[in-house]
Amino acid sequence: MSSKEMEKVYNPQTVETKWQRYWEEHRLGHAEAGTGKPTYSIVIPPPNVTAVLHLGHALNNTIQDILIRFKRMQGYESEWMPGTDHAGIATQNVVERKLAREQGKTRQDLGREEFIREVWKFKEETGGTIIQQLKRMGCSCDWERERFTMDEGLSRAVTEVFVRLYEKGLIYRGKYIINWCPRCQTALSDEEAEHQEHKGNLWLIRYPAADGAEGLVVATTRPETMLGDVAVAVNPADSRYAHLVGKSLLLPLTERRIPVVADDYVDPAFGTGAVKVTPAHDPNDFEIGLRHNLEPLIVMHGDGTMNAAAGPEFEGLTREAARKKVLDLLSEQGLLVETKEHIHSVGHCYRCHTVTEPYLSQQWFVRMKTLAEPAVQVVNDGRVRFHPERWTKVYLNWMENIRDWCISRQLWWGHRIPVYYCGDCGNVMVSREPVTICTKCASSKVTQDPDVLDTWFSSWLWPFSTFGWPEKTEALQAFYPTSTLSTAPEIIFFWVARMIMAGLEFMGDIPFADVYLHGTVRDDKGRKMSKSLGNGVDPLEVIESHGADAMRFSMIMITSQGQDVFISYESKSGGSKHKGHNTFDIGRNFANKIWNATRLLMSLSGGEIGSSQGVEPDLADRWIRSRYNHTIDQITEALESFRFNDSARLIYEFLWHDLCDWYLEIIKPRVARGGDERAFVLRNASEILSGSMKLLHPIMPFLTEEVWSILADALRDRGSDSVMTAPWPQADHMAESDVIEREMSMLQSLIGSIRNIRSEVNVPLGQKADVLVVPADDDAERVFADNRSYIMDLASVARLDLDRRAARPEKSAAGISDRSEVFVFLEGLVDFDRERARLAKEVERRRGFIASIESKLSNESFVSRAPETVVEQERRKLSDARDELEKLLSNLQALGG
RNA sequence: GGGCGAUUAGCUCAGUCGGUUAGAGCGCGGCGCUCACAUCGCCGAGGCCACUGGUUCGAGUCCAGUAUCGCCCACCA
């Protein structure tokens, strides 16, 4: 390719689609089991098929892709298992809404089978979209192994696990208080009920005694549930109520008499010290009920309206209406003693945010204690590590207080519970295969449990079910345990913890060794990006405007050690007049910078970079090599330790500031000179740029493929077919690296000083100036002399004198740089007032510096206790600074200041 | 009620083992369309590192406490 074909501005769209196709056609994401190579594997946190991906997914999948590409280049057989999650409640909700909107029908109108067919249809569309999005983002998954949590194989795994746990006595069915969503009309696990603080009330209500005495006053936050009260509890030690224990009260608004019981649960200091007991609608009351043999009374339907047991006046009312009516009536009857403000926490359905109802019902549960024990141990042993480490505590704390897991859901979309009931003899059969005939009485009146399982009951098997478990497949053997899991901290309990338990229980081994928890993606106001808030940014929109590489790079650049990520992005439809800050510009600009550096090399070389002989590399040539080698080491180290932002910053600084700002500027005149040197520097620069593409490839896969390919053609050096399959660069350590970097930095400092002086006294770079440099020592003199042409080119110098013994010249602006004094001649252009002010400022700076070192060195304990090298360093700094100050002062004096 | 995180330049954030006068990007000011890039280059201004104490020769960094903001967990009605 010649420079003519390279556009001036990088166009990510064409490049990205091209390479996406290339990777797919060549199956570069595919990993083979049994290659004998060391393996590295990741299973994707399967996105819900409910909707398209958002930026949170973009971040997480970028991180995984970085790891996978990095390890692949390092020579690992790298498997990234992609797939999607059926997301029971969420998906069912979405399809139900769609059905209502488009056809005005409910799922009941359709019937179970027809409805499920509709959901599958929906899943085929969105699931496909998600996979397309992942591909567009550049994710190098093993697409041939894509899985869905309701695939046949995964469903078999779910059934197998249910049966095994049941047979082990770890699954049981029972009537308990669970979290119930009245809108979704299903049970939820404890984790699925999100608690939020609400400003509510504490109502004090008088319950008169059955014998007509005054009775007592109870305190409640939920007056409507009093219709289901079966007792009132007081603390046994509470003398205020001792006389009432065992007596009956008349439950207001009903005809029922209820006993007063004594129970330790009651805190005499809270409220009135008397608690109404509603076993069917409160978990604590349920426990009290068990202890006192009280029969629970359910007063609500599953949809949150009151049922017949609540009484004819209330039947059919919603929870909210019933509360109002109860309070009104109590108030009329003079039984509402007091209303206090009270803050308490209320559960909400994590899918539809409806207030959940503690509800007594028959459900299936997993006994967690025995599963949790080994899962605690592997984390304590360090076999599973969390990054950042602070999440370890969160995990352990939850694990150590784990409660049984309610796994049945009253939904249609999901894995059917593999339990069958005989309609004749009541036999309960848990089976891997469908049951049609009762195993006990041979009746054919056998029905399957209508409920489905919690979505997470399939997700927790993901690291092994996706590789074919319970079969002992080659893939399972090769890729389990997986290496790293990258996910959001919100799902530590839902998913991470449970996967560890399932892995240990069913595979006898941890599911992954490292868990990386990334930050939450938020908008510029700090709000979590979500569809319901409408502040989500569509990755495809960002990809369209900035490119996938730019999106990836920008997000990685601002992700630090699992801190939350704040995105500011104005969509095209935003219509804002002022050009706001855009998070993704940094990546786009960087891509453009790299593109243009390549374009420069192509234009200088004409697209052909030959080899050269007999050219001895000079300081700059060796310096850029040295910097490159350091960068390799540092980036490798950063990626190994999950410091992704550091890896992005390192390659950014190297390419932009070392390579483009210095080295490419340095080689331009050398290229112009032609000959062997031309070929040499072009090769040197191109090789380093090409190698840098490997370092950058995990973060910006598309651009790096394109640039690497262009350079490889020009260099006639294709070690591999693409960067993706190229080996990760190895640093070639140079013994004299420190000296090289030190000398180059002297040169940079000198050039910087000259530029600074010129700028301060208004001599633009377009106007060449004469400069005198007075080096401080032999070394400096040698370095400056050897590199005189660089100084002249980069600082726009017409004539450069190097003289260690030169006196301060008239009509010049002076400055101090590292190891030298600099004079810029300003014949006719000089603004001496400005120059005086500039020098005075320099003098002040220097004086402050000297004072701070002097105070340090005059501190006796510093000198005696600090390491010798530190003290020595301070002394050197002081003497240098004093020298510089002296020079500045004499310059200032010469100007009459 | 417990736990975690944050607090550094106008904005968004880095800052690893405690050791130059604390950095970047954006924004701002000045200069420059020099034959890669104005999505650019050069130069610059801008900081009580939230506060208080402690450890130390030395603290943005370690410890304790305080304040503000955010998040997570918890069955006191």
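In what follows, chains are A, B, ... by sequence order, proteins preceding strands, each numbered from 1.
Taking atom CG on D285(A) and atom P on rC75(B), their separation rounds to 14 Å, with Å as the unit.
For N589(A), taking side-chain heavy atoms from C-beta onward, the closest of the listed nucleotides rU39(B), rC43(B), rG25(B) is rU39(B). Side-chain atoms of K877(A) lie closest to rU21(B) of the nucleotides rU21(B), rG41(B), rA14(B). Proximity note for R599(A) (side chain, C-beta onward) versus rG19(B), rC37(B), rA14(B): the nearest is rC37(B). Residue N284(A) places its side chain closer to rC75(B) than to any other of rC75(B), rC40(B), rC37(B). Of the candidates rG19(B), rG30(B), rA77(B), rA77(B) carries the atom nearest the H342(A) side chain, counting heavy atoms from C-beta on. When the nucleotides rU21(B), rA45(B), rA77(B) are ranked by their closest atom to the side chain of K841(A), rA45(B) comes out on top. Among the nucleotides rG5(B), rG19(B), rC37(B), the one closest to the side chain of V870(A) is rG19(B). Set against rA74(B), rC40(B), rC43(B), the side chain of R403(A) has rA74(B) as its closest nucleotide. Listed nucleotides rG19(B), rU21(B), rG25(B) differ in distance to I853(A); the shortest reach to its side chain belongs to rU21(B). In the set rA77(B), rC4(B), rA36(B), rC4(B) carries the atom at the smallest distance from any side-chain atom of K393(A).
With both ends at atom P, the span from rU68(B) to rU39(B) equals 45 Å, rounded to whole Å. The C1' atoms of rA22(B) and rC48(B) are separated by 14 Å, rounded to the nearest whole Å. Using P as the reference atom, rA9(B) and rA14(B) are 12 Å apart when rounded to the nearest Å. For the C1' atoms, the distance from rU8(B) to rA59(B) is 14 Å, rounded to whole Å. Separating the C1' atom of rA67(B) from that of rG53(B) is a span of 15 Å, rounded to the nearest Å. Between rC71(B) and rG44(B), the distance separating the two C1' atoms is 41 Å to the nearest Å. When the P atom is compared between rA6(B) and rU61(B), the two are found 13 Å apart, to the nearest whole Å. Straight-line distance between the P atoms of rC73(B) and rG54(B): roughly 39 Å, to the nearest whole Å.
Under the 4.5 Å side-chain criterion, counting only non-hydrogen atoms from C-beta, Y207(A) is in contact with I258(A). Side-chain contact between F862(A) and E874(A) is present, with heavy atoms from C-beta onward closer than 4.5 Å. L216(A) is listed as a side-chain neighbour of Y241(A), based on a closest heavy-atom distance under 4.5 Å.
Nucleic acid contact for F590(A): none, since no nucleic acid atom lies under 4.0 Å from a heavy atom of the residue. Residue contacts for N592(A): at a heavy-atom cut-off of 4.0 Å it reaches a base atom on one of the strands shown. Within the nucleic acid shown, V266(A) comes within 4.0 Å of at least one base atom, counting heavy atoms only. E844(A) comes within 4.0 angstrom of nothing in the nucleic acid, heavy atoms only. Backbone-only contact: Q563(A) has heavy atoms under 4.0 Å from sugar-phosphate atoms and none from a base. Residue-level contact check: R588(A) touches the bases, meaning some heavy atom is under 4.0 Å from a base atom. Contact annotation for P867(A): base contact, defined as any heavy-atom pair under 4.0 Å involving a base atom. Among the atoms of the strands shown, base atoms are found under 4.0 Å from some heavy atom of D267(A).
With a glycosidic angle more than 90° from 0, rC4(B) adopts the anti conformation.
Rounded to the nearest 0.5 Å, atoms CG (D282(A)) and CD1 (I288(A)) are 8.0 Å apart.
With hydrogens and angles ignored, no donor-acceptor pair under 3.5 angstrom links the side chain of E7(A) to the base of rA36(B). Side chain K8(A) to base rA36(B): no donor-acceptor pair is found below 3.5 Å. Below the 3.5 angstrom threshold, one finds a donor paired with an acceptor across the side chain of K593(A) and the base of rC37(B).
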Test side chain to side chain contact (heavy atoms under 4.5 Å, CB included) on M700(A) and M693(A) and set out the steps. CA-CA 9 Å; M700(A) 298 181 109; M693(A) 291 305 97; over 6 Å; no
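For F494(A) and Y350(A), the ring centers sit closer than 6.0 Å to each other. A centroid separation of less than 6.0 Å is found between the aromatic rings of H198(A) and H348(A).
Using Watson-Crick or G-U wobble geometry with both donor-acceptor distances under 3.5 Å, rC69(B) finds its partner in rG5(B). When Watson-Crick and G-U wobble pairs are counted only if both distances are under 3.5 Å, rC35(B) pairs with no nucleotide at all.
Along RNA chain B, the nucleotide closest to D282(A) and the one closest to R846(A) are compared, and the more 5′ of them pairs with R846(A). Take the nearest nucleotide of RNA chain B for Q873(A) and for W656(A): the residue whose nucleotide is more 5' is Q873(A).
Salt-bridge annotation for R845(A) and E842(A): present, with a side-chain N of the basic residue lying under 4.0 Å from a carboxylate O of the acidic one.
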